[in-house]
Amino acid sequence: DVKVTQSSRYLVKRTGEKVFLECVQDMDHENMFWYRQDPGLGLRLIYFSYDVKMKEKGDIPEGYSVSREKKERFSLILESASTNQTSMYLCASRGGAENYGYTFGSGTRLTVV
Amino acid sequence: DQQVKQNSPSLSVQEGRISILNCDYTNSMFDYFLWYKKYPAEGPTFLISISSIKDKNEDGRFTVFLNKSAKHLSLHIVPSQPGDSAVYFCAASGGEYGNKLVFGAGTILRVKS
């Protein structure tokens with residue numbers, strides 16, 4: 001089974017801190033994604049990456065950046081955390097064209113105080 | 001502007017009965033649709049999908065129906081079980097989104113025993 005591992009389940013950070021959320025997948029998938037989940041809004045795409053060192057903005061990239069230095073690792077960076085970035089963050093990966101489904105990590109619940 | 005809409009935030013069903021979760025979309029270029037199930041503190045897991053060339057796909061207790069003319073799909077769970085209680089997300093891909101998934105806001109299903 002594909003495994004997508006997010007390094008932290010729960011994080012509490014202060015306003016203005018730089019925050020790193022790490023995601024690792026073990027199935028050599030090219031595509032990786034970062035979503036945030038908020039009540040009533042569902043999952044919204046922040047950034048995605050089709051290959052190493054490639055990144056593209058999703059629907060809500062403001063206040064975030066990403067890094068993909070290795071194929072298996074996709075990091076989400078909050079440059080200066082704000083309270084409106086309190087959310088559940090979900091990382092996902094996706095394999096070849098024959099499979100449209102994503103495999104998600106367990107999520108990181110981030111609280112910014 | 002949400003292109004995938006789940007207009008029912010929650011649904012409560014008696015164990016053994018049918019659960020019907022609905023989803024509407026606005027983008028006629030979407031050509032693949034998926035349902036994900038999410039338990040609290042876990043990432044979403046893939047449940048069932050359907051291509052736009054079909055109008056029905058069945059997998060055990062789960063059936064997805066697609067009505068392209070109405071831009072509507074539904075997930076039927078028969079019979080419903082308490083373990084089905086979760087948040088269900090509808091997702092779509094295709095058109096300008098390529099293989100990126102666009103998610104609805106989710107419907108909370110509660111199956112009462």
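Both backbone and side-chain heavy atoms feed into the values below; hydrogens, waters and symmetry mates do not. Naming convention: chains lettered A, B, ... in sequence-line order (proteins, then strands); numbering from 1 in each chain.
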### Query
Should A:Y35 and B:L101 count as side-chain neighbours, where that means a heavy-atom distance under 4.5 Å?
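Yes, side chains in contact.
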
Atom pair [atom1] ([X]) and [atom2] ([Y]), whose distance is rounded to the nearest 0.5 Å:
X     : Y      : atom1 : atom2 : result
A:R94 : B:K100 : CZ    : NZ    : 10.5 Å
B:E42 : A:R9   : CD    : CZ    : 7.5 Å
A:D59 : B:F103 : CG    : CZ    : 11.5 Å

### Query
Can you name the residues of residues 104-113 of chain B that have some heavy atom under 4.5 Å away from a heavy atom in chain A?
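So the qualifying residues are B:G104, B:A105.
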
Counting only heavy atoms closer than 4.5 Å, note whether [X] contacts chain A via side chain, backbone, both or neither.
X     : value
B:A41 : both
B:P44 : both
B:Q2  : side chain

Shared hydrophobic cluster for [X] and [Y] (ILVMFWY, side-chain gaps under 4.5 Å):
X      : Y     : value
B:L34  : B:Y97 : no
A:L76  : A:L11 : yes
B:F33  : B:V4  : yes
A:Y64  : A:F74 : yes
B:V102 : A:I46 : no

So what's closer than 4.5 Å to chain B heavy atoms on [X]: side chain, backbone, both or neither?
X     : value
A:Q6  : neither
A:L90 : side chain
A:R44 : neither

### Query
Has A:K71 got more than 12 heavy atoms of other residues, nucleotides or ligands less than 6.0 Å from its NZ?
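Atom NZ in A:K71 is crowded, with more than 12 foreign heavy atoms closer than 6.0 Å.
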
### Query
For the residue pair A:F104 and B:F46, is the inter-centroid distance of their aromatic rings smaller than 6.0 Å?
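Not close enough - the centres of the two rings lie 6.0 Å or further apart.
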
#### Entry: Results of side-chain contact (heavy atoms from CB on, under 4.5 Å) for B:D59 - residues two or more places apart only
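So B:D59 forms a side-chain contact (heavy atoms from CB on, under 4.5 Å) with B:I48.
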
### Query
Applying a criterion of heavy atom separation less than 4.5 Å, what residues of residues 47-54 of chain A form contacts with chain B?
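Residues in range: A:F48, A:Y50.
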
### Message
With disulfide bond (SG atoms under 2.5 Å apart) as the rule and sequence neighbours excluded, what pairs involving residues 20-107 of chain B come up?
### Response
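Listed once each, the pairs are B:C23-B:C90.
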
